[in-house]
Amino acid sequence: MLWIGCSSPEKIKADKIEKAETLLSEGSTSEALSILEELAAQYPNDTAILRSIGSIYSEEGDHSMAAFFLEQAHLLSPQDIELLYQTFQSLEAAGQPATQLLEKLASESPQAMTAELWVRLGQLRQLENKTESALEAYLKGVNPNEAAPSAEVAAAIGGLFVNLGNLPQAENWLKIAAEQDDPNALTALFGLLEIQLRQKEWTAAESTIAQLDTQFPGAIDASEWKPARDELVR
């Protein structure tokens with residue numbers, strides 16, 4: 001009976017996992033993966049094994065394989081928040097759709113959302129033309145009173161406010177972007193110019209054109225806003 005117990009499938013499985021861990025610690029990654037993937041074939045519902053394989057591939061920089069195994073693990077343990085985050089990261093790194101997982105993380109564990117994750121969620125929602133929810137996510141990820149957001153993020157928020165018809169807020173955020181030495185400042189300055197011309201704020205529009213000429217020489221003449229100069233002169 002003792003011999004049978006020591007040779008049980010669970011004991012063999014545990015020994016193989018231990019051997020894989022030893023190989024990993026010795027730097028023999030491919031051998032460890034070979035053992036773990038063999039175990040995954042035998043125990044396809046073992047979340048720990050799938051997760052270990054995914055983590056190894058992630059550390060090795062093979063994000064597609066990491067995403068493959070971590071996604072399988074997540075499907076088996078959908079309530080594991082840490083695993084959910086790991087799976088999202090691997091899918092993002094692999095360039096695969098991951099919006100649904102980030103939405104789930106924001107819904108089920110908002111305290112786990114970092115400022116960077118809120119901004120990323122805002123970007124993903126914006127790509128899906130979800131203006132209000134995108135803006136909501138962005139604003140959870142930035143606080144201009146503590147630190148200036150990047151020009152890219154500030155310009156995106158300003159553009160969303162424009163879409164919602166809130167021009168005063170749009171101007172505030174576009175100005176934050178326009179003040180930075182960044183290519184996204186060009187988008188922000190054009191956004192400001194559009195608002196100022198629409199509202200007939202001629203002096204402000206002249207100032208924005210001057211800033212464009214200084215910061216991005218030739219940009220106006222190569223854009224749809226070239227007639228704006230003539231309009232201001234007139």
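Heads up: numbering here begins at 1 and tracks the sequence. Quick note: numbers below take in every heavy atom, side chains included, and nothing from hydrogens, waters or symmetry partners.
Not one N or O on the side chain of Lys130 forms a donor-acceptor pair closer than 3.5 Å with the backbone of Gly122. Between the side chain of Ser34 and the main chain of Ser30, no donor-acceptor pair closer than 3.5 Å is present.
For Glu108, the CD atom is densely surrounded, since the number of other residues' heavy atoms within 6.0 Å is greater than 12. Counted within 6.0 Å of CD on Gln42, heavy atoms from surrounding residues, nucleotides or ligands total more than 12; the atom is thus considered enclosed. Shown here is Asp221, whose CG atom has more than 12 heavy atoms of other residues, nucleotides or ligands within 6.0 Å. Taking a 6.0 Å sphere around CD of Gln199, one finds it holds more than 12 heavy atoms contributed by other residues, nucleotides or ligands.
Within the 4.5 Å cutoff, the side chain of Glu152 has heavy atoms near those of the Gln123 side chain. At least one side-chain heavy atom of Trp225 sits less than 4.5 Å from a side-chain heavy atom of Glu194. Counting only heavy atoms from C-beta outward, the side chains of Lys13 and Ile49 approach each other to under 4.5 Å. Annotation: side chain of Trp173 is in contact with side chain of Pro149 (closest heavy-atom distance under 4.5 Å). No side-chain heavy atom of Glu224 sits under 4.5 Å from any side-chain heavy atom of Phe190. Counting only heavy atoms from C-beta outward, the side chains of Gln215 and Gln180 never approach each other to under 4.5 Å. Looking only at side-chain heavy atoms (C-beta outward), Gln96 and His63 stay at 4.5 Å or farther from each other. Contact annotation: the side chain of Leu83 approaches that of Thr47 to within less than 4.5 Å [non-hydrogen atoms, C-beta and beyond].
Residue Leu75 is not grouped with residue Tyr43 when hydrophobic side chains (ILVMFWY) are merged at heavy-atom distances under 4.5 angstrom, including chains of intermediate members. Leu193 is connected to Leu189 through a chain of hydrophobic side-chain contacts under 4.5 Å among Ile, Leu, Val, Met, Phe, Trp and Tyr, so both are in one cluster. No path of Ile, Leu, Val, Met, Phe, Trp and Tyr side chains, each step under 4.5 Å between heavy atoms, connects Phe88 with Val119, placing them in separate hydrophobic clusters. Hydrophobic clustering (ILVMFWY, side-chain heavy atoms < 4.5 Å, transitive): Leu23 and Leu39 are in one cluster. Hydrophobic clustering (ILVMFWY, side-chain heavy atoms < 4.5 Å, transitive): Leu91 and Leu124 are in one cluster.
In this structure, the separation between OG on Ser28 and CG on Leu33 is 11.0 Å, given to the nearest 0.5 Å. Put simply, CD on Glu136 and OG1 on Thr131 are 13.0 Å apart, with the number rounded to the nearest 0.5 Å. The CG atom of Asn45 lies 9.5 Å from the CD atom of Gln72; values are rounded to the nearest 0.5 Å. In this structure, the separation between CG on Leu84 and OG on Ser77 is 11.5 Å, given to the nearest 0.5 Å. A distance of 13.0 Å separates CD in Gln100 from CG in Leu105, rounded to the nearest 0.5 Å. Within the model, atoms CG of Leu192 and CG of Asn172 stand 9.5 Å from one another, a figure rounded to the nearest 0.5 Å.
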Does Trp202 form a side chain to side chain contact (heavy atoms under 4.5 Å, CB included) with Gln196? I'd like the steps, not just the answer.
CA-CA 7 Å; Trp202 310 125; Gln196 290 157 355; over 6 Å; no
Salt bridge (Lys or Arg N to Asp or Glu O under 4.0 Å) between Lys16 and Glu38: does it pass, once the steps are laid out?
CA-CA 10 Å; Lys16 288 185 176 180; Glu38 181 184 332; 3.3 Å; yes
Could you walk me through whether Thr87 and Gln89 pass the side-chain hydrogen bond (donor to acceptor under 3.5 Å, both in side chains) test, one step at a time?
CA-CA 5 Å; Thr87 306; Gln89 280 190 310; over 6 Å; no
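The nearest pair of heavy atoms linking Leu102 to Leu117 is CD2-O, 3.8 Å.
A salt bridge does not link Lys175 with Glu179: none of the charged nitrogens is closer than 4.0 Å to a carboxylate oxygen. Classification of Asp15 and Lys11 as a salt-bridged pair holds, one side-chain N sitting under 4.0 Å from a carboxylate O. By the 4.0 Å N-to-carboxylate-O rule, Arg125 lies close enough to Glu103 to be salt-bridged with it. The pair Glu116-Arg120 does not meet the salt-bridge criterion, since no charged nitrogen lies less than 4.0 angstrom from a carboxylate oxygen.
Using modelled atom types and a 3.5 Å distance limit, the side chains of Ser58 and Ser90 yield no donor-acceptor pair. With 3.5 Å as the limit, one finds a donor-acceptor pair spanning the side chains of Tyr138 and Gln126.
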